[in-house]
Amino acid sequence: MYLGLDLGTSGLKGLLVSPKGHIVGTATANYAVRQPHPNWSEQDPDDWLSAAKAVFQALRSKYTAEFSAVKAISFSGHMHGAVTVDKTGHAIRPCILWNDTRSAPEASALDENPIFRKVAGNIAFPGFTAPKLIWMEKNEPAEYSLVHKVLLPKDYLTYWLTGRFVTDVSDAAGTGWLNVATRKWSKRLLDASGMRTDQMPDLVEACETVGNIKPKLARVYDLPASTKIVAGGADNAVAACGVGVVREGQGFVSLGTSGVIFAAKNKYAPAPETAVHTFCHAVPEHWYQMGVALSATNSLNWLANIIGKKPAELAAQCGTDISGPSTVTFLPYLSGERTPHNDANIGGAFVGLRTDTKETDLVQAVIEGVCYAQRDCLEALKSTGTDLTEILAIGGGSNSEFWLKSLACILNLRLLVPEQSDFGAALGAARLAMIGDGATAADILQPPPISQVIDPTPDLLDRYEAGYQRYKKLYPLIKEAQ
């Protein structure tokens with residue numbers, strides 16, 4: 001058996017997979033995001049350990065024989081988080097998450113240094129790890145002085161399981177300290193942000209074995225002492241492995257907490273001026289480009305929380321068929337925006353509200369606003385020369401047929417819906433565990449069976465295009481007003 005662990009923003013998912021790639025069992029455990037101040041977003045790394053222990057216990061209890069036969073474990077993890085640990089390996093402070101924008105001034109200052117875009121291949125976004133450490137040095141000097149290593153979130157689980165400080169290149173690419181072309185730590189980038197090479201974890205490829213599980217943990221959870229711990233990678237890169245998106249021309253759209261359009265690349269081709277990310281893939285000698293909208297399903301979660309209903313209830317109000325865009329337009333900038341604006345301070349907005357506006361109108365506007373933000377990402381990718389004719393649709397939002405049909409029209413792309421879209425990242429992590437245990441990547445990283453194909457509705461394309469053009473005009477107006 002192989003175990004994939006997907007460390008998400010809201011919870012940890014564990015997926016047991018057979019050597020033939022069949023899903024045997026799953027378990028989840030949730031944890032909270034803390035937002036003590038505006039623009040802050042944090043988690044206690046020890047909450048991740050508690051979640052991992054709960055997932056291990058649940059899998060061990062329900063799938064006893066299968067769990068005791070696990071040969072390798074690997075990970076997917078949310079990117080950019082600053083997990084600072086002291087010499088004992090304990091977290092110094094809560095992890096500063098990917099959607100925390102407190103370090104926007106520090107990121108802006110880094111981005112003014114021309115070596116950053118040249119070597120890192122990306123804009124210095126506020127969500128990246130490097131500006132967070134500069135913020136920490138300025139605002140928490142006592143804690144900063146204790147920093148022995150800076151880890152990414154999933155690497156905290158690796159340390160717990162193995163005792164080694166290790167990260168992989170796909171996750172390291174989002175720190176601001178990696179030379180993304182050479183897949184090595186850059187001393188020039190580290191120097192520019194006041195960090196040292198010895199404060200970085202060891203660097204490996206996502207499918208490399210870090211070591212075996214600690215003997216004590218193997219005994220506690222009835223796992224073989226020979227269980228390998230494979231490095232794993234950044235969530236979107238690992239999700240791509242889960243759905244077989246590794247070669248040029250392949251891509252996916254993810255409707256998760258954030259929204260992503262991902263395009264696999266056979267070579268390194270940065271275009272930082274577009275606010276498109278260029279990162280190392282979880283597959284050696286491969287890269288990818290990605291446009292990111294910071295609030296996707298999180299926008300619907302926000303509205304549901306205000307109204308007092310569950311997000312699925314709201315989405316269900318729209319039914320399954322589309323008939324054209326809402327007269328209300330929603331700008332989903334609840335956490336600022338990355339692609340294409342790189343604006344940590346912009347806020348969201350509803351435009352076009354009237355006395356006869358109904359709850360369903362707001363729900364439809366939120367769904368379409370997220371789709372328009374994804375269209376912004378697609379246009380940015382196109383400007384770099386990326387050409388996609390169809391893409392896989394994954395993530396929680398892909399469970400809504402209304403959302404998918406709206407997205408297909410707004411992107412004007414065919415959407416392919418996998419049979420098990422919810423397991424993308426966890427399955428990708430299990431696949432990396434297989435590769436770390438000796439399987440061949442080309443054999444393992446295959447596309448999934450497709451349950452549904454959604455084509456754009458030709459008669460509605462002009463109307464959704466007009467809706468998108470209206471949406472595009474609103475950003476500068478909202479920016480000026482705020």
Visitor: Counting heavy atoms not belonging to Lys187, are there more than 12 under 6.0 Å from its NZ?
Guide: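 Not buried by this count: 12 neighbours or fewer within 6.0 Å.
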
Visitor: Evaluate the criterion side chain to side chain contact (heavy atoms under 4.5 Å, CB included) for residue pair Leu5 and Leu12; output intermediate values, then yes/no.
Guide: CA-CA 7 Å; Leu5 296 175; Leu12 177 72; 4.2 Å; yes

Visitor: Cation over ring, Arg34 on Trp40, under 6.0 Å and within 45°?
Guide: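 Checked: cation-pi criterion not met.
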
Visitor: Can you list the steps and then say if Arg338 with His277 is a side chain to side chain donor-acceptor pair (under 3.5 Å)?
Guide: CA-CA 10 Å; Arg338 283 205 192 167; His277 297 315; 3.1 Å; yes

Visitor: Is it the case that atom CG in Asn139 sees more than 12 heavy atoms from other parts of the structure closer than 6.0 Å?
Guide: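 Yes, CG of Asn139 has more than 12 neighbouring heavy atoms, counting only those of other groups under 6.0 Å.
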
Visitor: Does the pair Glu106/Lys138 count as a salt bridge with the N-to-O cut at 4.0 Å?
Guide: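 Judged by the 4.0 Å cut-off on N to carboxylate O distance, Glu106 and Lys138 do form a salt bridge.
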
Visitor: Check whether more than 12 heavy atoms from other residues, nucleotides or ligands sit under 6.0 Å from atom CZ of Arg117, and answer yes or no.
Guide: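 Atom CZ in Arg117 is packed in, count exceeds 12.
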
Visitor: Using the ring pair (Phe, Tyr, Trp, His ring centres under 6.0 Å) criterion, which residues pair with His281? Sequence neighbours excluded.
Guide: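 Checked His281 against ring pair (Phe, Tyr, Trp, His ring centres under 6.0 Å); matches are Phe262, Tyr288.
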
Visitor: Are side-chain heavy atoms of Pro36 and Glu42 found at a separation under 4.5 Å?
Guide: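 The answer is yes, as the side chains (C-beta and beyond) meet within the 4.5 Å cut-off.
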
Visitor: With sequence neighbours left out, write down each residue that passes ring pair (Phe, Tyr, Trp, His ring centres under 6.0 Å) with Trp185, or none if nothing qualifies.
Guide: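 So Trp185 forms no ring pair (Phe, Tyr, Trp, His ring centres under 6.0 Å) with any residue.
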
Visitor: Would Lys132 and Asp100 pass as an ion pair if we require N to O under 4.0 Å?
Guide: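 Salt bridge between Lys132 and Asp100, a charged N being under 4.0 Å from a carboxylate O: no.
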
Visitor: Does atom CD of Glu285 have more than 12 heavy-atom neighbours, drawn from other residues, nucleotides or ligands, at distances under 6.0 Å?
Guide: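 Not more than 12 within 6.0 Å, no.
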
Visitor: Using a 6.0 Å cut-off, check whether atom CZ of Arg188 has over 12 heavy atoms from anything other than its own residue.
Guide: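 No, the 6.0 Å shell around CZ holds no more than 12 heavy atoms from other groups.
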
Visitor: List the steps, then state whether side chain to side chain donor-acceptor pair (under 3.5 Å) holds for Thr9 with Trp98.
Guide: CA-CA 9 Å; Thr9 307; Trp98 59 273; 3.0 Å; yes

Visitor: Using 30° and 60° as the class boundaries, would you call the ring planes of Trp48 and Tyr156 parallel, tilted or perpendicular?
Guide: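 Judged by the thresholds at 30° and 60°, the geometry between Trp48 and Tyr156 is perpendicular.
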
Visitor: Is a side-chain N or O of Asn266 found less than 3.5 angstrom from the main chain of Glu248, in a donor-acceptor match?
Guide: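 Present.
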
Visitor: Are any non-hydrogen side-chain atoms of Ile410 and Asn412 less than 4.5 angstrom apart?
Guide: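 They are not in contact (no side-chain heavy atoms under 4.5 Å apart), so the answer is no.
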
Visitor: Less than 4.0 angstrom from a charged side-chain N to a carboxylate O is my criterion; do Asp168 and Lys154 meet it?
Guide: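 Yes, charged N to carboxylate O under 4.0 Å.
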
Visitor: Taking only residues two or more places apart in sequence, or in another chain, which ones meet Tyr159 in a ring pair (Phe, Tyr, Trp, His ring centres under 6.0 Å)?
Guide: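 Phe165.
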
Visitor: I'd like to know if the side chain of His148 reaches the main chain of Val85, judged simply by a donor and an acceptor atom lying under 3.5 Å from each other, with no hydrogens or angles considered.
Guide: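 Checked: no pair found.
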
Visitor: With a cut-off of 6.0 Å (strictly less than), are more than 12 heavy atoms of other residues, nucleotides or ligands near CD of Gln482?
Guide: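 Atom CD in Gln482 is packed in, count exceeds 12.
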
Visitor: State, without any angle test, whether Glu368 and Ser326 hold a side-chain donor-acceptor pair at a distance under 3.5 Å.
Guide: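 Glu368 vs Ser326: no donor-acceptor pair found between side chains.
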
Visitor: Any donor-acceptor pair under 3.5 Å linking the side chain of Ser186 with the backbone of Leu178?
Guide: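 No; zero donor-acceptor contacts below 3.5 Å.
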
Visitor: Please check: side-chain N/O of Asn399 versus main-chain N/O of Gly396, any donor-acceptor pairing under 3.5 Å?
Guide: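 Confirmed, Asn399 side chain pairs with Gly396 backbone.
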
Visitor: Any chance you could lay out the side chain to side chain contact (heavy atoms under 4.5 Å, CB included) test for Leu411 and Ile261, step after step, and finish with the verdict?
Guide: CA-CA 11 Å; Leu411 298 182; Ile261 294 191; 4.2 Å; yes

Visitor: Measure the acute angle between the ring planes of Phe128 and Phe279, then classify it against the limits of 30° and 60° as parallel, tilted or perpendicular.
Guide: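 Rings of Phe128 and Phe279: tilted, 30 to 60°.
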
Visitor: Would you check if the side chain of Thr297 reaches a backbone N or O of Gly256 as a donor-acceptor pair within less than 3.5 Å?
Guide: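 Pair found, side chain donor or acceptor close to backbone of Gly256.
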
